[in-house]
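Each chain gets a letter, A, B and so on, in the order the sequences are listed, and its residues count up from 1.
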Amino acid sequence: MTTVRIPADWPTTEAQARAVQDELRSRVDPREAGPPPGTGTVTGVDVAYDDERDVVVAAAVVLDAGNLEVVEEATAVGRVCFPYVPGLLAFRELPTVLAVLDRLTAAPGLVVCDGYGRAHPRRFGLASHLGVLTELPTIGVAKNPFTFTYEAPGERRGSTSPLVDAAADGEEVGRAVRTQDGVKPVFVSAGHRVRLDTAVAHTLHLTPRYRLPETTRRADALCRRALAEATR
DNA sequence: GCGACAG
DNA sequence: ATCTTGTCGC
């Protein structure tokens, strides 16, 4: 099995990685509304690790945005090239994610990332970074509020509340979104070429039944399966 | 200095 | 992320 090639200039140190974020941040397009939910395709990407064996597997699953059925799936196997450091997740995940997107024949459409976009200490999370490198519209949907704060949204599906950075006088960096009645919210932020309100609409469109978007559920299941196979 | 911290 | 059994509930 071929392994993902890591770019020669990929950052090695935390300081280099932070400098890359500060450099690329200005390329984020925060103004486009983004594609409307329910049309075209929508793609989920996720990554699974085996740190013992130093292996990382990424999966991409393209869905028809109208009926949420699978259009195409792809996986890519790589080597761990950066440790997990809060705020620098992209440097760990992106080489393999870029490779798996390259393997798709279908147009990805909007890409849904497991993590953050604008909701990031330097406003340049995984989804923002992926968007800038591919020029695809991206959003981040995370399972945890990271360092940010929020008031619980209403109990009903569709309720939202601001996700704020208390350290930046309450700037709204994303939204807590209740995707199912009475279930813990998810944390949505804009990536590249998609505004926050559109990102929230996509998130609700992708969660007819479960807490997490169908895109992330599908990609998560696929990369775990592929890791188990790549590891034996 | 200490703790917290997407995946 | 990953390590891990059963268990409560629709």
Student: Looking only at side-chain atoms of A/Y116, point me to the closest of B/dA6, B/dC5, C/dA1.
Tutor: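 Taking heavy atoms from C-beta onward, the closest nucleotide is B/dA6.
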
Student: Rounded off to whole Å, could you give me the CG-to-C1' distance for the A/D51 and C/dC3 pair?
Tutor: 12 Å

Student: Between A/R118 (CZ) and B/dA6 (P), how many Å, whole number?
Tutor: 19 Å

Student: Looking at every strand, decide which applies to A/D50 at a 4.0 Å heavy-atom threshold: base, sugar-phosphate, or nothing.
Tutor: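 Touches nothing.
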
Student: Report which part of the nucleic acid A/G87 touches: base, sugar-phosphate, or nothing (heavy-atom distance under 4.0 Å, all strands).
Tutor: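 Base contact.
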
Student: Check whether NZ of the Lys or CZ of the Arg A/R92 lies under 6.0 Å from the centre of the six-membered ring of A/Y49 and within 45 degrees of that ring's axis.
Tutor: yes

Student: Kindly say if A/N144 contacts the phosphate of B/dC5, meaning a side-chain N or O under 4.0 Å from OP1 or OP2.
Tutor: no

Student: Would you call the rings of A/F91 and A/H129 parallel, tilted or perpendicular, where under 30° means parallel and over 60° means perpendicular?
Tutor: perpendicular

Student: Does the side-chain contact (heavy atoms from CB on, under 4.5 Å) test come out yes or no for A/V141 and A/T216, once each step is laid out?
Tutor: CA-CA 9 Å; A/V141 180; A/T216 35; 5.5 Å; no

Student: Check each of A/R156, A/R211, A/R157, A/R209 against A/D181 using the salt bridge (charged side-chain N to carboxylate O under 4.0 Å, His left out) test, and report the only one that passes.
Tutor: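 When salt bridge (charged side-chain N to carboxylate O under 4.0 Å, His left out) is applied between A/D181 and each of A/R156, A/R211, A/R157, A/R209, only A/R156 qualifies.
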
Student: Base, sugar-phosphate, or nothing for A/A48, non-hydrogen atoms under 4.0 angstrom?
Tutor: sugar-phosphate

Student: Hey, does the side chain of A/K143 come within less than 4.0 Å of B/dA6's phosphate (OP1/OP2), counting only N and O?
Tutor: no

Student: Starting from C1' on B/dA6, measure out to CZ on A/F148 and report it in whole angstrom.
Tutor: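 A/F148 atom CZ is separated from B/dA6 atom C1' by 9 Å.
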
Student: Among C/dT2, B/dG7, B/dC5, find the nucleotide with the atom closest to the side chain of A/L227.
Tutor: C/dT2

Student: Rounded to whole Å, please give me the gap between CD in A/E52 and P in C/dA1.
Tutor: 17 Å

Student: Within the structure, does a side-chain N or O atom of A/Y84 lie under 4.0 Å from either OP1 or OP2 of B/dA6?
Tutor: yes

Student: Round to a whole Å and report the spacing from CG of A/L163 to C1' of B/dC5.
Tutor: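 Rounded to the whole Å, the gap is 14 Å.
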
Student: Please give, in whole Å, the distance from B/dG7 P to A/L94 CG?
Tutor: 15 Å

Student: Between B/dC5, B/dG7, B/dA6, which nucleotide gets closest to the side-chain atoms of A/L126?
Tutor: B/dA6

Student: B/dC5 C1' sits how many Å from A/F187 CZ, rounded?
Tutor: 14 Å

Student: Closer than 4.0 Å, any side-chain N/O of A/R224 to the OP1 or OP2 of C/dA1?
Tutor: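 Yes.
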
Student: Tell me: CG of A/D165 to P of B/dA4, nearest whole Å?
Tutor: 19 Å

Student: Test the A/R175-A/F187 pair against the cation-pi criterion, namely NZ or CZ under 6.0 angstrom from the six-membered ring centroid and within 45° of the ring axis.
Tutor: no

